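Taking it in order: structure first as structure tokens, then the write-up.
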2 protein chains.
Amino acid sequence: MTDALLARPAPRKRNAEATRAAILEAAKSQFALLGYDCAVLRDIAREAGVDVALVKRYFGGKEALFVEALRASFVGDGMRGWDRATIAQELATTLAGSPHEDEARTHRFQFLLRAATSPTTAPLLNVLVHDRFMDPIRQWLGGEDADARARVFAATYIGFLVERLVRGEALHGRERQVFIERVTAVFAGLMTDEAAGA
Amino acid sequence: MTDALLARPAPRKRNAEATRAAILEAAKSQFALLGYDCAVLRDIAREAGVDVALVKRYFGGKEALFVEALRASFVGDGMRGWDRATIAQELATTLAGSPHEDEARTHRFQFLLRAATSPTTAPLLNVLVHDRFMDPIRQWLGGEDADARARVFAATYIGFLVERLVRGEALHGRERQVFIERVTAVFAGLMTDEAAGA
DNA sequence: CCATGAAGTCAATGGGCGTTGACATGCGCC
DNA sequence: GGCGCATGTCAACGCCCATTGACTTCATGG
């Protein structure tokens, strides 16, 4: 028989840093996709091309890994480049699409959403939500009563994320168009600090 | 020794209907609180005062029980009595409060939310979301492009529910006031079928 | 009063998953 | 070159949970 049958599946280079990073990356992905409870260490390890035991060596356990992945998912590249003039429509267009496009930007927020709605992980979030989510939004919005407006803005955004998650696919035709118009209007309205004409 | 020690914990009356109902009630409660993945049949059974095996007898399994609990959680008492003139502010005021007030109404939505954000159960939702949630909103909204507007309305509403859930407590003072103003404005804007001035 | 079946109980099974510790192996330092 | 630590691999263990089937007990109709 050929030694192909005997060959191990690539003996993996010895590189602690790279391994650790690979695990973390896979964890971010799986946790965002499945949430804490449904994500499985074995799958995370496989996605990272690593043995499960290494998760313990490098992170200590599932929960510790989750916390680290959570923190790492909220590096503050947040809304730095958001342009006031166009962002409302950009967001609206993105939200009209399918959850499978735009993985990069959505990923972090989906992570947050999953974490927030699982009873296991929700307690871990309160601090982080403020520091990495609410606060940036608040600062970006600026103006009067930024706290309250940030709450409304964030809530609205989360709502649209959930809607898109449930919808599962992109909108089309006139429905898409109207959806985008309306969502744009909502965001735009929340960006100004003038009291809305209720 | 007294025979209190020998007494079984109330031999349970034989009543199929009542048992079934008790299980269903406990299921609704647990699933809403914990979500599908974290809820445990043993706990549901205990809360219902019933043996686990009966869950299988009456419902077939965990997933089937979940589906039934889901359907039962969406009795259509929905937005029947909503008054166009005041509902926006009513909703906003409720949403500014704590999730612990208004348990009755919140419960169903929490169930929906948990179900929507768990990858296990999300697929089961699409139909139901349309029939019991989107459709009523769509009909209630009426007017042009009701589909798209219903999506936006529903998404927004869900977003505020999540925000309130994460927040955990009522808002106070000026923040509360501004929050209510803004949310009212958002809802009011979504109720009209004139294209918003974006 | 007994046979029959429904309602309820109990113990066991099997699979999945996080965790663990023992073992192998490559890398750098003396 | 060879020792020793760091890195990686492997094979369990133990727990939790849904599911299952066999057993017990109650109620009803003949």
Side-chain angles (χ1 to χ4, degrees), chain A residues 3 5-27 29-31 33-70 114 118-121 124, chain B residues 3 6-27 29-31 33-70 118-121 124:
Chain A
D3 51 5
L5 291 176
L6 304 174
R8 302 289 183 75
R12 179 155 196 88
K13 278 213 174 155
R14 300 203 159 214
N15 183 341
E17 259 184 69
T19 303
R20 210 189 122 94
I23 294 175
L24 197 60
E25 205 54 38
S29 158
Q30 289 287 308
F31 282 138
L33 202 61
L34 298 173
Y36 179 80
D37 307 298
C38 293
V40 169
L41 283 192
R42 286 181 161 81
D43 289 345
I44 293 177
R46 184 178 323 133
E47 185 175 324
V50 150
D51 190 277
V52 204
L54 291 184
V55 172
K56 178 195 166 151
R57 192 193 290 296
Y58 285 112
F59 296 92
K62 188 182 186 182
E63 186 170 320
L65 173 62
F66 178 82
V67 172
E68 197 132 347
L70 192 57
R114 287 262 141 83
S118 159
T120 320
T121 53
L124 304 170
Chain B
D3 51 5
L6 303 174
R8 302 287 184 77
R12 179 153 197 90
K13 279 219 174 148
R14 297 198 163 216
N15 182 341
E17 260 184 68
T19 303
R20 211 190 123 92
I23 294 175
L24 198 59
E25 206 53 39
S29 157
Q30 290 285 308
F31 282 139
L33 202 62
L34 267 30
Y36 180 80
D37 307 299
C38 293
V40 169
L41 283 192
R42 285 180 160 80
D43 290 344
I44 293 177
R46 185 179 320 134
E47 185 175 323
V50 151
D51 189 277
V52 204
L54 291 185
V55 173
K56 179 194 165 148
R57 191 193 291 294
Y58 286 112
F59 296 92
K62 187 181 187 182
E63 186 169 319
L65 174 62
F66 178 82
V67 172
E68 196 133 348
L70 193 56
S118 158
T120 320
T121 54
L124 303 171

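The shown structure was predicted, so the numbers you read here are calculated from the model rather than taken from an experiment. The figures here come from the full heavy-atom set of this structure, side chains too, leaving out hydrogens, waters and symmetry mates. The chains referred to below are lettered A, B, ... by the order of the sequence lines, with proteins before strands, and numbering in each begins at 1.
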Run through B/Tyr58, B/Tyr36, B/Phe31 and flag the one making a side-chain contact (heavy atoms from CB on, under 4.5 Å) with B/Leu65.
-> B/Phe31
Which heavy atom in A/Asp37 sits nearest to a heavy atom in A/Lys62, and how many Å separate them?
-> O-NZ, 4.0 Å
Do the non-hydrogen side-chain atoms of A/Leu33 and B/Pro119 ever get within less than 4.5 Å of each other?
-> no
Using whole Å, report how far CD of B/Gln30 lies from P of D/dC17.
-> 12 Å
Hey, could you give me the CG/CZ distance between B/Leu54 and B/Arg20, rounded to the nearest 0.5 Å?
-> 12.0 Å
Where along nucleotides 15-21 of chain C does protein come under 4.0 Å, by heavy atom, of base (B) or sugar-phosphate alone (S), with - for untouched nucleotides?
-> --BBBBB
Polar atom pairs between nucleotides 5-7 of chain D and protein, under 3.5 Å, N or O only, would you list them?
from: D/dA6; atom 1: N3; to: A/Arg14; atom 2: NH1; distance (Å): 3.4
from: D/dT7; atom 1: O2; to: A/Arg14; atom 2: NH1; distance (Å): 2.7
from: D/dT7; atom 1: O2; to: A/Arg14; atom 2: NH2; distance (Å): 2.8

Looking at B/Cys38 and A/Thr120, what are the two nearest heavy atoms and their distance?
-> SG-OG1, 3.7 Å
When rounded to the nearest 0.5 Å, the distance separating CG of A/Leu70 from CD of A/Glu63 is 11.0 Å
Separation of atom CZ in B/Phe66 from atom P in D/dA18, rounded to whole Å | 14 Å
Spatial distance of atom CZ (B/Arg42) from atom CG (B/Asp51) [nearest 0.5 Å] | 9.5 Å
Interatomic distance, B/Leu41 atom CG to B/Ile23 atom CD1 [nearest 0.5 angstrom] = 9.5 Å
